[in-house]
Amino acid sequence: MSLMTISNAGKMFAPCPLQGKFHASTAFRGLVQLEGKRRRRLAVKVALTDVGSLGLESGGPEWKKEYQEDFERRFRISHLTDSFPDLTPIPSTFCLKRRRPIFDDYFDCCPSAEQWNGYINNNDRVLLKVIKYSSPTSAGAECVDGDCSWVEQWVHRAGPREKIYFRPQEVNAAIVTCGGLCPGLNDVIRQIVITLDMYGVKRITGLPFGYRGFSKDVPEIELSRTVVQNIHLEGGSLLGVSRGGPNVRDIVDSMQERGINMLFVLGGNGTHAGANAIHEECHKRRMKVVVVGVPKTIDNDILLMDKTFGFDTAVEEAQRAINSAYIEARSAYHGIGIVKLMGRSSGFIAMHASLASGQVDVCLIPEVPFNLHGHNGVLRHLRHLLETNRSAVICVAEGAGQNLIEKTNAADASGNIVLGDIGFHIQQETKKYFKDIGIAADVKYIDPTYMIRACRANASDGILCTVLGQNAVHGAFAGYSGITVGICNTHYVYFPIPEVISYPRQVDPNSRMWHRCLTSTGQPDFI
Ligand SMILES: Nc1ncnc2c1ncn2[C@@H]1O[C@H](COP(=O)(O)OP(=O)(O)O)[C@@H](O)[C@H]1O
Ligand SMILES: O=P(O)(O)OC[C@H]1O[C@](O)(COP(=O)(O)O)[C@@H](O)[C@@H]1O
Ligand SMILES: [Mg+2]
């Protein structure tokens, strides 16, 4: 009999009998270790929900159907008609076929879908997973059962619908940007305003400084096409950002007082948890309100999406810092450059910037444990690099190696743990190590933290922001709430918020991308 254990990123292992079938309870996605007859050990990533956690037997006749039904139930997106079944939609005022001059206040309806194929049908779907793994041992495999059975998983296609659930003249839209800065925030704000304007909405306000903008003492910012016209040419957020702020009930009270019925929330995991709670509170109070999120984080740590906006730009900026570290290290006698990049719990920026630059010898991320000292440690490898190549560059994510440094025991206003400075620690330990062994080493530490996110979005992020901003408005007019927009296998989709924030997305140490990074740096294991 085989034994399977599940761990959260391979850290905590809890035994669980396999009983001849794949059985894994995955409230979170983790690593699965199978121990076969030959005590074969292998790490396999399981899908978000696997067959076992649903109490299904993968051999049973109905399991695929039941699995798909469960998936459909989880990925169903909330709609205004859930609270108001009698709500009747009207023909859309968003139309790119029979366009009217922008100064014309009269918004007519557009040709129906029967005459024009410019609309998305509510039943259109996008495939969530596109690789069919033949074995759990395939690189990066995500399987629903031990045979990696193929089950189609469909999510809702984003875009404009033929029928809408708000008359533009009754819409009172608000936009809020929360959390840390991210390149592209202004591009998204701009596109939301422009698209609302295309539908014929006149009342659009920006709430300043994140959720704090719902407090009475913070004045709103009136938004229009003219106000937002050039804001994408600068980084930051026209509306400002913040962490912390009022509780959900106070926010919804404030929405009721202001008469807001369309809320667009730009932010990361925390912000989306807030947005979903606002959506649920509005639903509870039977308010005809939609809440739509646009995922914002340079960390790229939101589940199920190809990437989040701002990530590409952050990577581009980060590799400039790496290049400086490389030049410094290369120009010094026994130069070592250390660059620390953002990434609280995920190493995507560090991994991608290392890949992009081609100048990194050691990439350290939170998902992959390492030792500094000892025969296999990073410092011993640095010595080898100085001896063979006279210089070295380390790229470390801020959340990496937190077990090696003292905890700060501090949290920010949103409750996020304030991390210790791993870059500084590596610099100090490196200096000490080379001094102790009597080898000269010139160690430079670059921390470009805020420079990589306070900049304007690059072209590819600019396009992504544009599409996401537009789709957020289309989703709101279509009557969907508690949703967020995303890019999935190059197509644009709506996800129910809880499915993308159940835990932070992380680099899979078994993925091809991490292996490509290791191939590029040439680094060994540091354990
Ligand atoms: N679980 C939660 N429920 C409600 N609001 C939350 C939650 N977590 C965070 N928030 C709020 O969301 C905002 C942004 O959260 P934060 O974690 O700082 O950034 P991000 O959204 O980028 O992850 C803050 O105003 C915070 O108070
Ligand atoms: O100093 P701040 O504003 O708290 O931002 C630092 C944080 O910003 C991030 O890059 C992104 O965080 P958010 O997605 O929560 O905005 C984290 O990796 C990092 O810890
Ligand atoms: Mg966050």
Side-chain angles (χ1 to χ4, degrees), residues 176-185 188 207-215 218 235-237 239-252 254 263 265-282 291 293-303 305 307-311 313-315 317-318 340-353 365-367 396-400 402 408 410-423 447-455 482 484 497-498 500-507:
V176 62
T177 56
C178 313
L181 279 185
C182 179
L185 279 167
V188 178
L207 299 168
F209 304 114
Y211 287 134
R212 288 176 196 274
F214 284 100
S215 311
V218 190
S237 165
L239 307 176
V241 290
S242 78
R243 301 193 190 274
N247 66 44
V248 168
R249 282 171 58 190
D250 291 345
I251 291 174
V252 179
S254 163
L263 179 64
V265 185
L266 283 54
N269 283 295
T271 307
H272 274 73
N276 199 53
I278 295 169
H279 151 74
E280 281 174 356
E281 183 66 22
C282 292
V291 183
V294 183
K296 162 251 54 155
T297 169
I298 59 167
D299 291 0
N300 199 30
D301 60 356
I302 310 278
L303 295 169
M305 319 189 164
K307 62 178 175 181
T308 50
F309 77 80
F311 172 66
T313 309
V315 168
E317 288 301 311
K340 185 185 75 172
L341 297 172
M342 278 197 186
R344 191 180 279 137
S345 41
S346 314
F348 288 104
I349 302 176
M351 176 174 77
H352 281 247
I365 59 172
E367 296 85 342
V396 58
E398 66 171 333
Q402 289 296 307
T408 65
D412 67 19
S414 295
N416 300 306
I417 289 162
V418 175
L419 300 173
D421 190 342
I422 184 67
D447 179 356
T449 297
Y450 295 107
M451 293 172 71
I452 70 167
R453 72 175 199 192
C455 46
T484 195
I497 291 176
V500 299
I501 57 161
S502 44
Y503 53 89
R505 178 181 171 204
Q506 291 196 301
V507 172

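Atoms within a ligand are numbered from 1 in the order they appear, just like the ligands themselves.
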Least distance between heavy atoms, [X] atom then [Y] atom:
{"X": "Asn269", "Y": "Val500", "result": "OD1-O, 4.3 Å"}
{"X": "Ser502", "Y": "Leu303", "result": "OG-CD1, 3.5 Å"}
{"X": "Ile298", "Y": "Pro183", "result": "CG2-CD, 3.4 Å"}
{"X": "Cys455", "Y": "Thr313", "result": "SG-CG2, 3.9 Å"}

To which protein heavy atom is [atom] closest, and what is the distance rounded to 0.1 Å?
{"atom": "atom 5 (N) of ligand 1", "result": "Gly274 CA, 3.4 Å"}
{"atom": "atom 10 (O) of ligand 2", "result": "Met342 SD, 2.6 Å"}
{"atom": "atom 19 (O) of ligand 1", "result": "Arg243 NH1, 3.2 Å"}
{"atom": "atom 21 (O) of ligand 1", "result": "Thr271 OG1, 2.4 Å"}
{"atom": "atom 4 (O) of ligand 2", "result": "Arg243 NE, 3.1 Å"}
{"atom": "atom 11 (C) of ligand 2", "result": "Asp299 OD2, 3.5 Å"}
{"atom": "atom 1 (N) of ligand 1", "result": "Ala273 CB, 3.5 Å"}

* Is the count of non-hydrogen atoms from other residues, nucleotides or ligands lying under 6.0 Å from Leu419 atom CG greater than 12? ->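 Above 12, so yes.
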
Can you check which of [options] brings a heavy atom nearest to [atom]?
{"atom": "atom 6 (C) of ligand 1", "options": "Gly270, Gly415, Ser414", "value": "Gly270"}
{"atom": "atom 22 (O) of ligand 1", "options": "Lys296, Arg344, Arg212, His272", "value": "Lys296"}
{"atom": "atom 16 (O) of ligand 2", "options": "Arg344, Glu398, Lys296", "value": "Lys296"}
{"atom": "atom 25 (O) of ligand 1", "options": "Gly244, Cys178, Gly210", "value": "Gly244"}

Between [X] and [Y], is there a donor-acceptor pair closer than 3.5 Å when you use the side chain of the first and the backbone of the second?
{"X": "Arg212", "Y": "Leu207", "answer": "no"}
{"X": "Gln506", "Y": "Ser345", "answer": "yes"}
{"X": "Glu367", "Y": "Gly347", "answer": "yes"}
{"X": "Lys296", "Y": "Gly180", "answer": "yes"}
{"X": "Thr408", "Y": "Val418", "answer": "yes"}
{"X": "Ser254", "Y": "Phe214", "answer": "yes"}
{"X": "Gln402", "Y": "Gly420", "answer": "yes"}

Using a strict cut-off of 4.0 Å, indicate which atoms of ligand 2 neighbour a heavy atom of [X].
{"X": "Thr297", "value": "14 (O)"}
{"X": "Gly343", "value": "18 (O)"}
{"X": "Tyr450", "value": "1 (O), 2 (P)"}
{"X": "Ile298", "value": "10 (O)"}
{"X": "Arg453", "value": "2 (P), 3 (O), 5 (O), 6 (C), 7 (C), 8 (O)"}

* **Numbering as shown, the atoms of ligand 1 that approach Asn269 to under 4.0 Å (heavy-atom distance)** =>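 Near Asn269, the atoms of ligand 1 are 21 (O), 23 (O).
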
* Which atoms of ligand 1 have any heavy atom of Gly268 under 4.0 Å away? ->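 In order of numbering, the contacting atoms are 20 (P), 21 (O), 22 (O), 23 (O).
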
* To do: Compute the minimum heavy-atom distance from Thr297 to ligand 1 and say whether it is under 4.0 Å.
  =>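 Contact check Thr297 vs ligand 1: negative.
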
* **Under-4.0 Å heavy-atom contact with ligand 1, by part of Asn416 that carries it** =>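 Looking at Asn416 and ligand 1, just side chain atoms fall under 4.0 Å.
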
* Asked: Under 3.5 Å, N or O to N or O, is Ala413 touching ligand 1 that way?
  ->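 Looking only at distances, the answer is no, because the N/O contact criterion of under 3.5 Å is not met.
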
* If you measure every N/O of Gly180 against every N/O of ligand 2, is any gap under 3.5 Å? ->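 For ligand 2, there is an N or O atom that lies under 3.5 Å from one belonging to Gly180.
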
* Asked: Would you call Asp299 and Arg344 a salt bridge, taking side-chain N to carboxylate O under 4.0 Å as the test?
  ->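 No, no charged N to carboxylate O under 4.0 Å.
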
